[in-house]
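So that the names make sense, note that chain A is the first sequence line, chain B the second, and so on, each numbered from 1.
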Number of protein chains: 2
Amino acid sequence: MSLRHALLGLLAQGPASGYDLLKVFEISLANVWPATQSQVYAELARLADADLVKVAAGGPRGRKEYSIAERGLAELRHWLTEVEPARTGRSEMLLRVFFLGQTHPDQARGYLRREAEVAERQRERLAALKQVVEREESDLSVYGRLALEWGLRFSAMQREWAEWAGGQIGGGVGPEPADPSGPVALSDPAGPQGDRGHPS
Amino acid sequence: MSLRHALLGLLAQGPASGYDLLKVFEISLANVWPATQSQVYAELARLADADLVKVAAGGPRGRKEYSIAERGLAELRHWLTEVEPARTGRSEMLLRVFFLGQTHPDQARGYLRREAEVAERQRERLAALKQVVEREESDLSVYGRLALEWGLRFSAMQREWAEWAGGQIGGGVGPEPADPSGPVALSDPAGPQGDRGHPS
DNA sequence: TTTATCATGTAAGGAGTTACATGATTCG
DNA sequence: CGAATCATGTAACTCCTTACATGATAAA
């Protein structure tokens with residue numbers, strides 16, 4: 001139920017319409033908590049229904065201005081300080097890594113190289129944003145900067161890991177004979193496979 | 001649709017029942033792609049229906065043994081090499097960071113300190129697992145190791161960031177007067193807020 | 001006047017979670 | 001015999017995505 005809290009958090013910084021909030025999701029929260037138009041409008045309606053926000057209808061073109069209510073602020077603070085964050089990460093990127101043995105080493109290396117490149121582009125984008133933010137003496141709060149720094153560190157880590165990982169694969173760099181049907185092909189009858197690593 | 005590919009990936013390593021696969025999800029893929037019992041059984045049925053896997057019914061107690069079909073293997077390889085990974089990360093942890101200005105600096109620091117501790121425990125757990133894996137001369141494929149290493153690097157990064165971030169907050173370490181209703185309280189009428197950082 | 005932007009909603013479906021429900025077999 | 005484990009499924013609900021649908025106002 002974190003979309004709810006994202007909306008409360010934004011409304012705690014000042015009143016806004018669904019449309020306004022949507023913009024913030026696109027520009028600013030896109031990489032932390034993406035949300036679609038459908039979702040935002042629906043959740044705002046629920047929030048108003050639960051008296052966590054107040055609505056002032058009647059702006060220019062059907063515009064509704066939402067502002068946080070006492071109960072909403074209380075809920076936000078409760079969530080921030082007393083609710084244990086869910087850490088159920090899903091990573092399509094890592095899921096693929098587990099099964100990369102099903103491809104040629106060359107393809108596995110290619111996959112990791114592309115990941116390294118994507119991470120590097122991301123890092124550069126954030127580094128540029130950081131420059132802008134620092135130069136402009138900031139609209140951006142301390143906390144926004146912390147998130148930005150997380151992104152920088154994450155993308156640097158990701159790039160370094162992907163480069164290292166690419167180097168770990170096989171010895172052969174040129175084309176090698178394909179191994180017949182997988183990496184180790186554990187098809188023992190005694191149930192499937194032993195333990196595997198579990199990161200994050 | 002990655003649960004589908006996770007199942008195909010596991011079945012590519014050898015036949016298994018839904019129950020077997022569930023175990024793998026609990027032990028091994030839990031941190032990369034968690035899945036529940038409901039989900040696994042339902043998806044296996046769909047997979048069989050689409051002829052991506054074959055079923056051999058009739059084990060001891062209603063046990064059904066699934067094995068990957070040609071089409072399934074083709075789909076798996078296609079996904080691994082030709083489908084661009086979705087990078088839509090959601091992070092409850094970072095979402096909170098954005099709104100930490102709604103609490104006392106002390107509480108914000110507390111939050112980040114707890115995150116650092118959680119990350120450190122995670123790191124230790126993975127480091128221990130790495131030792132085991134290295135000592136046992138490994139059932140764990142090269143690729144499992146790559147994922148494990150990712151987890152180690154990620155949790156180290158997370159811990160370092162959280163410690164650094166805690167230090168960035170306020171100057172005051174003792175109790176400070178609460179600021180009335182938020183950090184900067186951008187309640188300007190000219191639409192909501194400027195740009196904010198967007199990490200990963 | 002046409003186009004872009006502002007502004008809000010609904011509907012259908014996929015994916016995930018939690019809870020319920022049932023029964024067979026093995027081990028102590 | 002009773003408990004643990006093996007083994008499979010269904011139902012209800014929440015959350016998210018994609019697509020459809022509509023209309024007002026501001027700027028060129």
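Residues passing the side-chain hydrogen bond (donor to acceptor under 3.5 Å, both in side chains) test with A:Ser2, sequence neighbours excluded: B:Glu92. Not counting sequence neighbours, the partners of B:Ala48 by the side chain to side chain contact (heavy atoms under 4.5 Å, CB included) test are B:Val53, B:Val55, B:Tyr66. Under the side chain to side chain contact (heavy atoms under 4.5 Å, CB included) criterion, A:Ser38 pairs with A:Thr36, not counting sequence neighbours. Applying the side-chain hydrogen bond (donor to acceptor under 3.5 Å, both in side chains) rule to A:Glu115 yields the partners B:Arg87; only residues at least two apart in sequence or on another chain are considered. Judged as a side-chain hydrogen bond (donor to acceptor under 3.5 Å, both in side chains), and not counting sequence neighbours, B:Arg113 has no contacts. With sequence neighbours left out, A:Ala108 forms a side chain to side chain contact (heavy atoms under 4.5 Å, CB included) with A:Leu100, A:Thr103, A:Ile169, B:Tyr143. Under the side-chain hydrogen bond (donor to acceptor under 3.5 Å, both in side chains) criterion, A:Tyr19 pairs with A:Lys23, sequence neighbours left out. With sequence neighbours excluded, the residues satisfying side chain to side chain contact (heavy atoms under 4.5 Å, CB included) with A:Arg121 are A:Glu117, A:Val118.
Protein atom OH of A:Tyr66 is 13 Å distant from nucleotide atom P of C:dA7, rounded to whole Å. One can place CZ of B:Phe25 at 11 Å from P of C:dT17, the figure rounded to the nearest angstrom. Atom-to-atom, CZ of A:Arg63 to P of D:dA26 comes out at 12 Å; the value is rounded to the nearest Å. Whole-Å rounding puts the A:Arg4 CZ to D:dT14 C1' distance at 12 Å. Between B:Leu22 atom CG and D:dT8 atom C1' the separation is 11 Å, expressed in whole Å. Rounded to a whole Å, the NZ atom of B:Lys64 is 15 Å from the C1' atom of C:dA24. The interatomic distance linking A:Leu44 (CG) with D:dC15 (C1') rounds to 16 Å, in whole Å.
The phosphate of C:dC6 has OP1 or OP2 within less than 4.0 Å of a side-chain N or O from A:Tyr19. Contact annotation: A:Lys23 reaches the phosphate of C:dC6 (side-chain N/O to OP1 or OP2, under 4.0 Å). For the pair A:Tyr41 and C:dT8, the criterion of a side-chain N or O lying under 4.0 Å from OP1 or OP2 is met.
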Original post:
So A:Arg159 and A:Glu163, salt bridge (Lys or Arg N to Asp or Glu O under 4.0 Å) or not? Walk me through it.
Top reply: CA-CA 6 Å; A:Arg159 194 197 105 232; A:Glu163 281 170 359; 3.2 Å; yes
Each nucleotide N or O in nucleotides 19-21 of chain D that has a protein N or O under 3.5 Å away: list the pair and distance.
unit_1	atom_1	unit_2	atom_2	d
D:dA19	N6	A:Ser38	OG	2.9

Atom pairs, N/O to N/O, protein against nucleotides 13-16 of chain C, distance under 3.5 Å?
unit_1	atom_1	unit_2	atom_2	d
C:dG16	OP2	B:Gln39	NE2	2.7
C:dG16	O5'	B:Gln39	NE2	3.1

Every protein N/O within reach of nucleotides 25-28 of chain C N/O, cut-off under 3.5 Å:
unit_1	atom_1	unit_2	atom_2	d
C:dT25	OP1	B:Pro60	O	3.4

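When the nearest nucleotides of DNA chain D are assigned to B:Ala42 and B:Thr88 by heavy-atom distance, the more 5′-ward of the two goes with B:Ala42.
Rounding to the nearest 0.5 Å gives a distance of 8.0 Å between OG1 of B:Thr81 and CZ of A:Arg114.
The side chain to side chain donor-acceptor pair (under 3.5 Å) pairs that include a residue from residues 44-54 of chain B are B:Glu43-B:Arg46, where partners are two or more places apart or lie in different chains.
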